[in-house]
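Below is one structure, written out as structure tokens; comments come after it.
Chain letters run A, B, ... following the sequence lines, proteins first and then strands; every chain starts at 1. Please read all numbers here as calculations on a predicted model, not as lab measurements.
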There are 4 protein chains.
Amino acid sequence: MAKRDRARSERNILKAARMEFAKSGYAGARVEKIGSRAKVSKGMIYHCFGSKDGLFVAVLEELYQRLNESNGELVINDCEPVEGIQRLTAHTFRYFAENPEFIILVNSENLMKGKHLKKSKTMREMFRPVYDKLDYLLKTGAEQGIFRKDVETTHFYISIVALGYFFLSNRYTLGVVFDSDLFSEDILDQRLQHIQEIVLGYLSNSSDQTSLLPSV
Amino acid sequence: MAKRDRARSERNILKAARMEFAKSGYAGARVEKIGSRAKVSKGMIYHCFGSKDGLFVAVLEELYQRLNESNGELVINDCEPVEGIQRLTAHTFRYFAENPEFIILVNSENLMKGKHLKKSKTMREMFRPVYDKLDYLLKTGAEQGIFRKDVETTHFYISIVALGYFFLSNRYTLGVVFDSDLFSEDILDQRLQHIQEIVLGYLSNSSDQTSLLPSV
Amino acid sequence: MAKRDRARSERNILKAARMEFAKSGYAGARVEKIGSRAKVSKGMIYHCFGSKDGLFVAVLEELYQRLNESNGELVINDCEPVEGIQRLTAHTFRYFAENPEFIILVNSENLMKGKHLKKSKTMREMFRPVYDKLDYLLKTGAEQGIFRKDVETTHFYISIVALGYFFLSNRYTLGVVFDSDLFSEDILDQRLQHIQEIVLGYLSNSSDQTSLLPSV
Amino acid sequence: MAKRDRARSERNILKAARMEFAKSGYAGARVEKIGSRAKVSKGMIYHCFGSKDGLFVAVLEELYQRLNESNGELVINDCEPVEGIQRLTAHTFRYFAENPEFIILVNSENLMKGKHLKKSKTMREMFRPVYDKLDYLLKTGAEQGIFRKDVETTHFYISIVALGYFFLSNRYTLGVVFDSDLFSEDILDQRLQHIQEIVLGYLSNSSDQTSLLPSV
DNA sequence: AATGAATGAGTTTTCATTCAT
DNA sequence: TATGAATGAAAACTCATTCAT
């Protein structure tokens, strides 16, 4: 039965916590429930993670870690720039769609002004690889004359994330405002298609033709 | 003295509640604190709004109402399409930047699966005017040959919102991930500039040149 | 029935807390029990006193206050010095004997390094009157040539307290060490008699005869 | 390595427990912390001492044992009575000053109504030697005509202890009440000096002169 | 023998809500 | 009406003790 296995217990707690936090946010989550989900006592949770706060940090870090690992699997080095961007965009969108916990946890964390994440040292390093990949794609595309040259990588990455994240995180209120169900698979595909158009529409080098924006 | 002035009390409570909910989210907000902020007794709050839930709904509706009024002030009917889009984009971004309560309340509501907003009948009607304005601009621009013709208005509006909202709502975690302070005025201007580029980059009619995306 | 009477509730809580803290010390006392003793809910205790700590401070201050009031009733201004000292000594001893809560609370507070009492501003002023009374008696007695002249008032007062307080506070362990029951009325009278002898034996002016101590 | 050395483990636990109990009293002490201080597992503590209670008894007995050994080193048989009393007084005071654990443990024990110490059989015998020494000094001094004749040995011994113990055990609250720092070396010397004066002042045979107390 | 994982009963604390005044 | 005293149910957290390994 694998009792008295600390590592196993911690994994179970972490998983249960991820689910509970995702269902109810930080304030709404119940330590008791996490315990029963994980089939351990409340005491064990405090033994392993110190506090509800500590557990939240652990869950949050694990989710960022996973996002990162997931990003690591994304091979775009030897792609055509366009295909690379498309893959990155799709991959990002799908990660959020398939890991709704991530969004809720991150929103909760922002509600709390990022106080937990600030403590995490590793976060800053974690995003370098994906940032570098994107930066490389943008540079290559620009050299090939197919991408505009003035793209600010950070803002652009934030935009790729924003276009998917916001749609998913705000599905409930958007559903009311636009009186439609945004939870079908079709809608997700549609949304991704739209995002791809925006992302590539922005990148497309229209320097030869009259741009809509006055050059600054 | 303003005693026995029910309307005045309600306004005070609403304002205090907006601040408290914005500071702490729904679950984190304290009825007690709202009372003391508004200088009324807790009993009064229950008298006027029935429950914490009821108060939250009232605050949320008021904020959407304001957004809508604010959108109403936006005159873009007789604009050039490009300028109209720019104004709408800037206006939307600035509303969020200047009303951080809105974002936190809406995030809280999404955390609760939109259960409060669903009850609101007026919401659906509220966004018609701004939707219609945007739709008109897109149509006009397309007729003038300067905008692409295949824009899905709803998704496009969601994107305009997303690019600003996400940046603002996730400033804390983004700040950690990119190790930078995202709370300066400069950064906001920069971000708006970037959003404008994306929005117009997407709209720009590049049908004559080779599009980056294969036509579907 | 006097319900909804805040002051009354606070008094009841304070009394119940005094008893509970005295029975078990700070760490051993149970907020739950204080509530049921006082016939109020636990919530009410927190409403009135903020925390277990806050309640402890209130109880402690009240007890010092009472000691002080009790000292105030002690009229010794127009006494002969000897009688004044005897009265003060007896009064101090009896206060401790009749208010065993005081001793336990003060011991608990010392265990916690005085962290609660430190916050109390009034404490310092509180003891001035009794100190002044004692000082006056010592001075008068010295002028009359019946008391020694070199008495350090503070140390002397501490000694008067010590001789009674220690006996009472350590009755259990002393009882084991000396294999006797120290809880009878007789023993208390005997102890007080002994303390009086010590206190006055010390004060007695033996300057004309050979003192046991070399003059410094 | 000292593995599997039961006696060594017990010594370590005892020392760690003494420190922990002294820092926080019985109720405030944590078995966990004692374990980590002693670098043994919690299980080991239960193995060696059965329970927290059992450990407390062991610590308490050890401390009384040490006090007794310390008293045993005190050679006063061939002293002048006055010097003998001075040595005993100073020795007692210094033991308490140098072993603050003793005071806190004994106070804790009194808070618990001496339930642990009662079980100890040896306690009663332990104090006979120092009692006998004191009794001998008092008798000799009385015979030499320098001490009063009516001294009750037990009460007198309790007083010698009280004058030092109380000052040390209540230093925190006394410090607040008299608004002064009672933790310096100077203050300790001053206090001991004062105690010596009281003790000898009381003993001094003033039968030739008018006593302050009416003979009973 | 020795560890430390695991527990559960108990503790302080919180807070939306009710209701006597 | 309006207040704020009072509650109770549930929350986070603690800790001596047990027991599988």
Residue D:Met44, side-chain atoms from C-beta onward, closest of F:dA5, F:dA2, E:dA2: E:dA2

Touch class at under 4.0 angstrom, heavy-atom based, for D:Ala29 against every strand present: sugar-phosphate

Geometric class of the C:Tyr26/C:Phe21 ring pair [parallel <30°, tilted 30-60°, perpendicular >60°]: parallel

Nucleotide E:dC15, atom P - distance to CD1 of C:Ile45 in whole Å: 18 Å

Nucleotide-level pairing of DNA chain E, given in dot-bracket where Watson-Crick and G-U pairs need both distances under 3.5 Å and | marks other strands: .||||||||||||||||||||

B:Glu62 with B:Arg18: basic N within carboxylate O range, under 4.0 Å: yes

C:Glu109 (side chain) donor-acceptor with C:Leu117 (main chain) under 3.5 angstrom: yes

Length of the line joining A:Asn12:CG and E:dT7:P, which is rounded to integer Å: 11 Å

Interatomic distance where NZ belongs to C:Lys42 and C1' belongs to E:dA16 [whole Å]: 16 Å

From B:Asn170 atom CG to A:Asn110 atom CG, the distance as rounded to the nearest 0.5 Å: 4.5 Å

From E:dT12, F:dA12, E:dA6, nucleotide with atom closest to C:Tyr46 side chain: E:dT12

Interatomic distance, B:Arg8 CZ vs F:dA2 P [rounded to whole Å]: 13 Å

Closest to side chain of C:Arg6, choosing from F:dA5, E:dT3, E:dG8: F:dA5

Selection from E:dA6, F:dA6, E:dA2 that lies nearest to any side-chain heavy atom of C:His47: F:dA6

Position toward the 5' end of DNA chain E (nearest nucleotide), A:Glu10 or B:Glu32: A:Glu10

Between E:dG10 (C1') and D:Arg30 (CZ): distance, integer Å: 13 Å

Parallel, tilted or perpendicular: ring planes of A:His116 versus A:Phe56, cut at 30 and 60 degrees: tilted

Residue pair B:Tyr172 / A:Gly114: nearest heavy atoms and the distance that separates them: CB-N, 3.8 Å

Residue met sooner reading DNA chain F from 5', once A:Lys52 and D:Ser51 are mapped to nucleotides: A:Lys52

5' precedence on DNA chain E between D:Lys39 and C:Gly43 (nearest-nucleotide basis): D:Lys39

